[in-house]
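Data block below; observations after.
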Amino acid sequence: MREAAVVLITGASSGFGEAAARSLADPGLRGRYRVFGASRRAAPDDPGDGPVMVPLDVRSDASAAACVDEVMRRAGRIDVLVNNAGYSLAGAVEETSLDEAKAQFETNFFGTARMMRAVLPIMRAQGGGRIVNVSSLAGLVGVPFHAYYAASKFAVEGLSEGLRQEVRRFGIHVSLIEPGDFKTAGTAARERAAAGLDVYAATRDRAVAVMERAEQSGPDPIGFARLLLRILAAPRPRLRYRLGSDAVWVPRARRLVPEALFEHLLRANFDMDE
Ligand SMILES: NC(=O)c1ccc[n+]([C@@H]2O[C@H](COP(=O)([O-])OP(=O)(O)OC[C@H]3O[C@@H](n4cnc5c(N)ncnc54)[C@H](OP(=O)(O)O)[C@@H]3O)[C@@H](O)[C@H]2O)c1
């Protein structure tokens with residue numbers, strides 16, 4: 001019998017990560033994957049064959065190392081890392097302190113980098129592996145009042161694209177999932193710049209409300225789990241996978257229409273035109 005592939009999914013306590021961890025551990029897959037989920041709120045281990053939860057704060061080197069050590073202690077290898085942990089920071093650039101911006105990068109960007117640095121030596125020694133980094137439609141299109149969130153995801157895009165070429169010869173495949181708006185606990189976990197400015201308040205609140213409505217009326221995160229299964233089954237996974245109809249048509253529209261029109265449509269979408 002083929003040995004189960006060992007999968008480590010960060011941010012597995014809710015949303016995309018939870019859906020993916022549960023789906024990959026589903027008995028219907030007959031043990032194809034041995035799944036470890038990781039997050040700060042490590043829920044108690046599933047008593048059955050579900051994902052095993054390991055504590056992890058992606059902002060800490062020590063925590064990342066301890067999490068990877070724990071998976072190695074239990075499973076002896078790591079075949080797949082899914083860098084999914086993240087949150088979104090709302091607020092105008094002028095309203096956002098650099099500490100808030102750095103915190104956004106510490107989780108979304110450096111958290112991803114930190115986990116990759118922890119697993120790459122293991123994957124190289126094994127002779128292969130897969131890394132799937134969760135970006136966003138906001139990693140392709142800068143979003144007003146979520147500019148630092150978008151910047152952190154643009155950074156994940158660049159990091160993944162470069163790394164993919166570096167580690168190809170070690171049999172390590174790097175891919176990106178770029179989801180549009182999905183209904184997850186991410187809406188409630190959204191952070192906001194603390195020192196708001198009156199001059200932005202009305203426009204920012206409308207734009208953030210549009211974003212939150214789009215998320216909460218978006219599809220169920222199970223689609224993420226299905227896409228991840230497809231990527232893991234692909235012999236040569238692609239660099240980019242868009243997830244959700246908006247993640248497909250928005251970048252396509254950007255290529256097709258003049259820039260000024262695209263920007264007008266973006267402002268109109270976010271209810272920004274005064
Ligand atoms: N939902 C969307 O519409 C959407 C669209 C595009 C991209 N995304 C991206 O998808 C990913 C998952 O988001 P989601 O929508 O599923 O949101 P979610 O339900 O809030 O899940 C976020 C997960 O990240 C974990 N996390 C946050 N900070 C962490 C830290 N410092 N260390 C370890 N784990 C941490 C959270 O767990 P703990 O709090 O327990 O640590 C949670 O499990 C994020 O990278 C997000 O940017 C989401």
Side-chain angles (χ1 to χ4, degrees), residues 8-23 35-44 51 53-68 70 81-90 102-115 118 132-143 146 148-157 159-160 176-191 208 210-225 227-228 240-248 250-251:
L8 172 58
I9 302 175
T10 73
S13 60
S14 72
F16 289 146
E18 183 183 9
R22 290 193 188 286
S23 295
V35 185
F36 293 86
S39 52
R40 291 166 301 180
R41 289 167 293 147
M53 291 299 290
V54 180
L56 169 68
D57 186 338
V58 296
R59 299 169 299 182
S60 150
D61 289 343
S63 176
C67 169
V68 168
E70 177 65 6
L81 168 67
V82 182
N83 271 312
N84 163 76
Y87 71 94
S88 62
L89 171 65
K102 286 178 186 172
Q104 175 75 110
F105 270 74
E106 195 59 55
T107 296
N108 291 11
F109 177 72
F110 289 109
T112 297
R114 191 169 279 121
M115 292 305 292
V132 179
N133 290 335
V134 180
S135 172
S136 172
L137 171 54
L140 303 167
V141 176
V143 179
H146 285 88
Y148 278 115
Y149 173 71
S152 73
K153 295 297 190 179
F154 270 65
V156 167
E157 292 269 335
L159 184 73
S160 308
L176 285 155
I177 297 181
E178 297 155 335
D181 294 322
F182 275 75
K183 188 179 167 87
T184 69
T187 308
R190 173 172 275 103
E191 296 202 1
V208 174
V210 168
M211 180 72 108
E212 295 193 330
R213 277 198 302 276
E215 288 163 359
Q216 287 309 293
S217 59
D220 184 279
I222 192 66
F224 177 91
L227 174 59
L228 181 62
R240 292 194 163 82
Y241 292 86
R242 307 251 158 96
L243 177 65
S245 57
D246 49 347
V248 173
V250 175

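Order of listing sets the numbers, starting from 1, for every ligand and every atom in it.
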For this session: Would you check the N or O atoms of Ala189, main chain and side chain alike, for any that come under 3.5 Å of an N or O of ligand 1?
Result: no
Exercise. Val132 pairs by side chain to side chain contact (heavy atoms under 4.5 Å, CB included) with which of Leu81, Ile177, Ile9, Asn84?
Worked result: Ile177
For this session: Consider every N or O of Gly11 and every N or O of ligand 1, then say whether any pair is closer than 3.5 Å.
Result: yes
For this session: Tell me which protein heavy atom sits closest to atom 22 (C) of ligand 1, plus the residue, atom name and distance to 0.1 Å.
Result: Gly86 O, 3.6 Å
Exercise. Can the ring centroids of Phe16 and Phe182 be said to lie less than 6.0 angstrom from one another?
Worked result: yes
Problem set entry | Interatomic spacing from CG in Asp61 to CZ in Arg114 - rounded to 0.5 Å | 4.5 Å
For this session: Sequence neighbours left out, what passes salt bridge (charged side-chain N to carboxylate O under 4.0 Å, His left out) with Arg59? Give chain and number order.
Result: Asp57
For this session: Output yes when a side-chain donor or acceptor of Lys153 lies under 3.5 Å from a complementary backbone atom of Val134, and no otherwise.
Result: yes
Exercise. Tyr87 to ligand 1: N or O pair under 3.5 Å?
Worked result: no
Exercise. Would you say Val58 has any N or O atom under 3.5 Å from an N or O of ligand 1, going by distance alone?
Worked result: yes
Seminar exercise, completed: CG (Leu56) and CZ (Arg41) are apart, to the nearest 0.5 Å, by 12.5 Å
Exercise. Would Ser152 and Gln104 satisfy side chain to side chain donor-acceptor pair (under 3.5 Å), going step by step from the backbone distance to the final call?
Worked result: CA-CA 7 Å; Ser152 73; Gln104 175 75 110; 4.6 Å; no
Exercise. Does Thr10 have a heavy atom less than 4.0 Å from any atom of ligand 1?
Worked result: no
Problem set entry | Candidate pair Asn133 and Thr112, rule side chain to side chain donor-acceptor pair (under 3.5 Å), full reasoning | CA-CA 7 Å; Asn133 290 335; Thr112 297; 5.2 Å; no
For this session: Would you check whether Asp57 has a nitrogen or oxygen atom less than 3.5 angstrom from a nitrogen or oxygen atom of ligand 1?
Result: yes
Problem set entry | Between OG on residue Ser23 and CD on residue Glu18, distance to nearest 0.5 Å | 10.0 Å
Problem set entry | From the candidates Ala85, Ser39, Gly37, the one that places a heavy atom nearest atom 35 (C) of ligand 1 | Ala85
Seminar exercise, completed: Logged contact type for Ala12 with ligand 1, heavy-atom cut-off 4.0 Å, is backbone
For this session: Report, in ascending order of atom number, the atoms of ligand 1 lying under 4.0 Å from any heavy atom of Thr184.
Result: 1 (N), 14 (P), 15 (O), 16 (O), 17 (O), 19 (O)
Exercise. Does Gly180 come within less than 4.0 angstrom of ligand 1, counting non-hydrogen atoms of the residue?
Worked result: yes
Problem set entry | Between CD on residue Glu157 and OG on residue Ser136, distance to nearest 0.5 Å | 8.5 Å
Exercise. Would you find a donor on one side and an acceptor on the other, under 3.5 Å apart, between the side chain of Asn108 and the backbone of Tyr87?
Worked result: yes
Problem set entry | Proximal atoms of ligand 1 relative to Ser13 (non-hydrogen, under 4.0 Å) | 36 (C), 37 (O), 38 (P), 40 (O), 42 (C), 43 (O)
For this session: Could you tell me if any non-hydrogen atom of Ser135 lies under 4.0 Å from any atom of ligand 1?
Result: yes
Exercise. Does Arg41, backbone or side chain, put an N or O under 3.5 Å from an N or O of ligand 1?
Worked result: yes
For this session: Please report which non-hydrogen protein atom sits nearest to atom 44 (C) of ligand 1, along with the residue it belongs to and the distance in Å to one decimal place.
Result: Asn84 O, 3.2 Å
Exercise. Is ligand 1 under 4.0 Å from a heavy atom in the side chain of Tyr149, in the backbone, in both, or in neither?
Worked result: side chain
Problem set entry | Student check: side-chain heavy atoms of Ser14 and Thr184 closer than 4.5 Å | no
Exercise. Ala185 heavy atoms, cut-off 4.0 Å: which ligand 1 atoms fall inside?
Worked result: 19 (O), 20 (O)
Exercise. Which atoms of ligand 1 sit under 4.0 Å from any heavy atom of Gly15?
Worked result: 16 (O), 19 (O)
For this session: May I ask you to identify the nearest protein heavy atom to atom 33 (C) of ligand 1, giving residue, atom name and distance to one decimal place in Å?
Result: Leu56 O, 3.2 Å
Exercise. N/O of Gly186 under 3.5 Å from N/O of ligand 1, yes or no?
Worked result: yes
Seminar exercise, completed: In this structure, atom 18 (P) of ligand 1 is nearest to the protein heavy atom Ser14 OG, 3.3 Å
Exercise. To which protein heavy atom is atom 28 (N) of ligand 1 closest, and what is the distance rounded to 0.1 Å?
Worked result: Arg40 NH2, 3.2 Å
Exercise. Taking both backbone and side-chain atoms of Phe16, is any N or O found less than 3.5 Å from an N or O belonging to ligand 1?
Worked result: yes
Seminar exercise, completed: In this structure, atom 3 (O) of ligand 1 is nearest to the protein heavy atom Phe182 N, 2.8 Å
Exercise. Which residues satisfy the salt bridge (charged side-chain N to carboxylate O under 4.0 Å, His left out) test with Glu215, sequence neighbours excluded?
Worked result: Arg190
Exercise. Can a non-hydrogen atom of Lys153 be found less than 4.0 Å from any atom of ligand 1?
Worked result: yes
Exercise. So, for Leu176 and Ser135, which heavy atoms are closest and what is the spacing to 0.1 Å?
Worked result: CD2-CB, 3.9 Å
Problem set entry | Over 12 foreign heavy atoms within 6.0 Å of CZ, Phe105 | yes
For this session: Please indicate whether any nitrogen or oxygen in Asp181 is less than 3.5 Å from any nitrogen or oxygen in ligand 1.
Result: no
